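What's counted below: heavy atoms across the whole structure, side chains too, no hydrogens, waters or symmetry copies. In this text, all values refer to a predicted model and were calculated from it rather than measured experimentally.
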Amino acid sequence: VVIYTIVFIAVPFIQSCSSDTLLYKMPKFKSTGTGEFEVISDDLYFRNAVDLLIYESYAVVVGYNEDCYLHIYNKNSGELIKRAIYKGRGPNELVANPSYVEFDSDTGILTLPNNSKGVKIICSIKGIVKDEPDAIYEEFNNHNNFMQNCFPTADNKTLYMYNYSPVTKDTANFCRFRIGNAQGETLSKYTKYPHPYEENTFLRWTFYNPGNYSFCYSPDKEKFAVGISRGAILETFSVSGNDITPLSVSHFIDPELNETSEEVNYILGFVDLFATDKYVYAVFDGINYVIGSPFYEVGQNLLQFDWKGKPLQKIDMGVRMEKIYIDNTSNTLYALIKSEDKESALAKYSLN
């Protein structure tokens, strides 16, 4: 999930992100082409969608619209079936978009954190469709407000993603990722960063501002990936037991940050990520500056990588993709797309 965040800080700083210009280079894909979506819904109105999920015959959008945060559509016709999780401070309500969601594609169970209340909202997609009385309920949640994402690992532990970078040179005690047990105890930490500016705290903070990256994990829960949007860096990791092991890091675009200018010059990189057990799919721009670029022209490329970071395929879809989901049963790409007038729609594209 990625939210665009532009931060202006009055500091005397002008520097390119890369001391080694050879470090950054665009990938060469084994195949390239163009694609065209089949639009399957009427116009939708999501200002900031958190996620798009596919379960059985349903397409689920988490995002604010019509005073609620959960919207269930028919994935073939785009017809709205149900809405749930309304705006408010009562039971099973949210006051704002959740920062992330957890989703079990086998059971259709969706979890939305409500950290302001110290709870998480558990939703059964099928139960909501069938109007079952216990389809939505709350449980205690001990996650703090600094956590940006999490997922259960294959060993029934939890990987917690903080990914903040403090304005300090000492990162030895900083937790970027950690693995915890059911009691919340920390079993291991990961603190490394994927670029050569360990000592440049401003650059590191800018890269890892929570609005400037996307995150995904594989269905087998053994791997995860992080894509940086300010410039472009893609990292992949494996998770086994208490170990978080880097699989690859690819530096694509040097952001050329210039924070003293009235204009923030950086090329937008990764907009959204989605993972299967074999591949990492990405919505990627690589051309436009965020400021001054037409909104609908941003993020029109679908990229495919293997888990070692090898670039495999690039498809220009000709339209902005805000969120994507790959349905493995039909090898179909589903997307929440945005048009020139900023209205959204559900769309699909066969990857066969």
Side-chain angles (χ1 to χ4, degrees), residues 1 40-41 44 46 49-66 68-86 91-94 97-114 119-141 143 149-154 156-159 182 214-224 272-279 281 322-336 344 346-349 351:
V1 176
I40 58 175
S41 77
L44 308 176
F46 293 101
V50 178
D51 217 338
L52 168 66
L53 312 162
I54 301 297
Y55 175 66
E56 295 186 349
S57 61
Y58 310 117
V60 181
V61 179
V62 180
Y64 185 67
N65 182 17
E66 298 290 337
C68 68
Y69 295 94
L70 181 59
H71 315 265
I72 304 174
Y73 302 90
N74 183 299
K75 75 174 186 180
N76 297 308
S77 68
E79 177 188 1
L80 177 65
I81 298 173
K82 290 286 183 179
R83 284 195 171 101
I85 313 298
Y86 286 86
N92 301 330
E93 293 180 335
L94 290 169
N97 267 338
S99 57
Y100 67 93
V101 302
E102 297 177 62
F103 182 63
D104 188 324
S105 59
D106 293 325
T107 63
I109 299 299
L110 175 65
T111 302
L112 299 88
N114 190 353
V119 300
K120 53 187 176 181
I121 303 175
I122 313 297
C123 310
S124 166
I125 300 303
K126 190 174 291 186
I128 293 172
V129 171
K130 294 182 177 180
D131 291 320
E132 295 176 357
D134 57 349
I136 305 172
Y137 59 94
E138 291 184 351
E139 286 185 353
F140 170 73
N141 188 11
H143 298 168
N149 219 312
C150 71
F151 71 92
T153 71
N156 293 319
K157 300 169 185 175
T158 301
L159 184 139
S214 298
F215 170 77
C216 66
Y217 59 92
S218 61
D220 63 15
K221 302 174 183 177
E222 296 179 355
K223 302 177 288 291
F224 69 97
D272 193 34
L273 297 180
F274 182 83
T276 68
D277 288 336
K278 290 185 177 181
Y279 305 113
Y281 292 89
E322 189 173 20
K323 299 297 172 186
I324 60 170
Y325 192 103
I326 310 296
D327 187 353
N328 280 329
T329 59
S330 60
N331 201 27
T332 299
L333 165 68
Y334 287 86
L336 189 65
S344 303
L346 289 170
K348 64 180 181 180
Y349 172 76
L351 294 172

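You'll find the side chain of I122 stays beyond 4.5 Å of the side chain of I136, heavy atoms only. At a threshold of 4.5 Å between non-hydrogen side-chain atoms, the residues F140 and V119 do not count as touching. When side chains are defined from C-beta on, P91 does not count as touching Y137, because their heavy atoms never get closer than 4.5 Å. Counting heavy atoms from C-beta outward, E102 and P152 have side chains that approach closer than 4.5 Å. Side-chain contact between V60 and L52 is absent, with no heavy-atom pair separated by less than 4.5 Å. Proximity of K75 to D327: side-chain heavy atoms (C-beta onward) are separated by under 4.5 Å at one or more points. Proximity of F103 to Y55: side-chain heavy atoms (C-beta onward) are separated by under 4.5 Å at one or more points. You'll find the side chain of N328 reaches within 4.5 Å of the side chain of T276, heavy atoms only.
Between F151 and Y217, the closest heavy-atom pair is CB-CE2, 3.3 Å. Closest heavy-atom contact between K323 and D272: CA-OD2, 3.4 Å. Residue L336 comes nearest to L346 through the heavy atom pair CD1-CD2, 4.1 Å, listed as atom of the first residue, atom of the second, then distance. Nearest heavy-atom pair across G63 and H71 is O-NE2, 2.8 Å. Pairing each heavy atom of E322 with each of A49, the nearest pair is OE2-N, 3.7 Å. Of all the heavy atoms in P98 and V101, the pair that sits closest is CG-CG1, 4.3 Å.
To the nearest 0.5 Å, atoms OH (Y279) and OG (S218) are separated by 14.0 Å. Distance CG/D220 to NZ/K278: 12.0 Å, rounded to 0.5 Å. If you take CD1 on I85 and CD1 on I128, they are separated by 6.0 Å, rounding to the nearest 0.5 Å. Summarising the geometry, atom CD1 belonging to I125 is positioned 11.0 Å from atom CD1 belonging to I54; distances are rounded to the nearest 0.5 Å. Here E138 contributes atom CD and I121 contributes atom CD1; the two are 5.5 Å apart, rounded to the nearest 0.5 Å. In this structure, CD1 on I109 lies 10.0 Å from NZ on K126, to the nearest 0.5 angstrom.
The aromatic ring centroids of F274 and Y325 lie less than 6.0 Å from each other. For an aromatic pair to be called close, the ring centres must be under 6.0 Å apart, and Y58 with Y73 fails this.
When the side-chain contact (heavy atoms from CB on, under 4.5 Å) test is applied to N76, the partners found at least two apart in sequence or on another chain are N74, Y334, K348. With sequence neighbours excluded, no residue forms a side-chain hydrogen bond (donor to acceptor under 3.5 Å, both in side chains) with S41.
Taking the six-membered ring where the residue is Trp, Y64 and Y69 present tilted rings, their angle falling between 30° and 60°.
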- Message: With side chain to side chain contact (heavy atoms under 4.5 Å, CB included) as the criterion, how do L110 and V62 come out once you've worked through the C-alpha distance, each side chain's angles and the decisive distance to 0.1 Å?
- Response: CA-CA 10 Å; L110 175 65; V62 180; 4.0 Å; yes

- Message: Under the criterion side chain to side chain contact (heavy atoms under 4.5 Å, CB included), I'd like the reasoning laid out for I40 against S77: C-alpha separation, chi angles, the key distance, then a yes or no.
- Response: CA-CA 6 Å; I40 58 175; S77 68; over 6 Å; no

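The salt bridge (charged side-chain N to carboxylate O under 4.0 Å, His left out) contacts involving residues 127-137 comprise K82-D131, where partners must be two or more places apart or lie in separate chains.
Within the 3.5 Å criterion, the main-chain N or O of S330 finds a donor-acceptor partner in the side chain of T332.
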